[in-house]
Amino acid sequence: MSTRHRGDTPTPSRVGTVLFALATACGLWFGITAPDVSPVAPPGSPGAGPAPVAGTGDLP
Amino acid sequence: MTTTDAWTSPPRTHRPSAWPGVHPATALSIGALGALTVATWPVVVAGLEPGGHLTALVAHVSGMLAGYGVLVLMLLMARTPALERGVGADVLARWHGRLGRAVVALVLVHAAAALTGWAQLTGAGFVGAAWQVLGMPWLPAATVGTVLMVTAGVMSARAARRRLRHETWHGVHLLMYVAVALSFAHMLAGPDLAGRPALQIGWALAYTYVVALVLRYRVIAPLQQAVRHRLRVAGVQREAPGVVSITVTGEHLRDLAAEPGQFFRWRFLTPDHWSTAHPFSLSAAPTDTALRLTVKELGDGSRDLQALPVGTWVVAEGPYGAVTPARRTRRDVVLIAGGVGITPMRALFESIPIAPDGDLLLVYRARNEDELVFRAELDAIARARGARVAYVLGPDRAALSRAALLHNIPDLVERDVYMCGPPGLMTAVRGTLLDAGLPPAQLHEERFDL
């Protein structure tokens, strides 16, 4: 821990900076790779994505 | 038992941390605004994409709120300096307990409404719907997470917790992190976030940042402090039946910026204690070479500490607590202590600044004379500082009634009041003080029912 005095602006530590970078990278990765269509939403309900179209190979 | 001469060092000059605290009202406002936003979003989605049922909307709103609540629960316990300093660890722990009950209820409502909605939609019975839902991606893990969460919630109920060893409860409670990890993918794949990359990234970042805070302040900071300060038990001094003071010495203690009135979470590295950190207040103003805590025997853990070997390595997490001299707003001060709540009050009594024309009064309540701790030290401090100490003994709290307090301290409402004691006493005296006209901003309290 660094020595700080009254009125000093706290500066981020090296550990804090590394953790922030890791958390940002992990958060972006989790968010970007999250599914576009919710597997728990019934077809036609909010979050279910576009309805499958017959003849396009979308139908299960 | 041994003693130490560490107290020959003069108390260190008060030097508060540079981290600003977040006011409780600000924290509550931000938290409530977040909850409102999160609860409103599924309603907006339902409006944009009509076709859902009311049961499904209940499932969505409760699910989103539960996910947000879990995030806030972790943040409250992340030990971030801004919250610990501004709100106080005792208040954060109470918020955590109340919100935890609400989150468990929301998770159960979410599961029940989702199953009911699925059963209505598919025409399958409740059991059939449950079977289908369990076959969906990430739902088995989320279900295990829910079971863990409910188990930890039930074990945290007051009646259950009284029957459990602290270590058992703590171990089960840590499984909440596993529960969160198991449920995380289900959150991101929920109907209200799926297909909206900005929201999914925002939600994921909120979680990873909070986890980073938990790691920073609950894991890395204690390890860094352990390496830098090399704390060891230097002495164990019996103060009263079942009460001991433990003196811990180490290096670079000035860097801890500990203040009188604060506490640390102490982890004594013995076979019985290394796995659990216990919160104990500093019972004397910290010096550059020593910290002192005082422990009353209240359970298995604190009983074993009474015979702690000298030389034991110690990991101290902290300092925490917002009831410090920095809260001071008035010239004169009253300190009110009940039972072992005397520990932080003794540290403040020793070191809180008093003006030449100012008055410092310590009111110390105990059931009988045998329960009084530090009597000789308190009398010596009072003589040395020109302060006063009043011992209030007896089975009832008549001496702390509104009439008695105003009779003995006519200028009560003009003072700062610092208070620490058992929850029952604190609640009663708090009501009495506010009823007597003490402005809430002048009341600074710490409860030790963490």
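Protein chains get the first letters and strands the later ones, always in sequence-line order, with residue 1 at the start of each.
Checking side-chain atoms of B/Gln200 against main-chain N and O of A/Asp36 turns up no donor-acceptor pair under 3.5 Å. Checking side-chain atoms of A/Ser38 against main-chain N and O of B/Ala189 turns up a donor-acceptor pair under 3.5 Å.
Counting only heavy atoms from C-beta outward, the side chains of B/Thr208 and A/Thr24 never approach each other to under 4.5 Å. Counting heavy atoms from C-beta on, the side chains of A/Thr33 and B/Leu188 never come closer than 4.5 Å. Side-chain contact between B/Trp203 and A/Phe30: absent, with no pair of heavy atoms (C-beta onward) separated by less than 4.5 Å. Residues A/Cys26 and B/Tyr209 fail the side-chain proximity criterion, which asks for heavy atoms closer than 4.5 Å.
With sequence neighbours left out, the side chain to side chain contact (heavy atoms under 4.5 Å, CB included) criterion links B/Thr37 to no other residue. Residues satisfying the side chain to side chain contact (heavy atoms under 4.5 Å, CB included) criterion with B/Arg327, sequence neighbours excluded, are B/Ala322, B/Tyr418, B/His444.
Across all their heavy atoms, B/Leu205 and A/Leu28 have their closest contact at CD2-N, 3.9 Å.
Heavy atoms of B/Leu193 lying under 4.5 Å from chain A are absent altogether. Neither the backbone nor the side chain of B/His252 has a heavy atom closer than 4.5 Å to any heavy atom of chain A.
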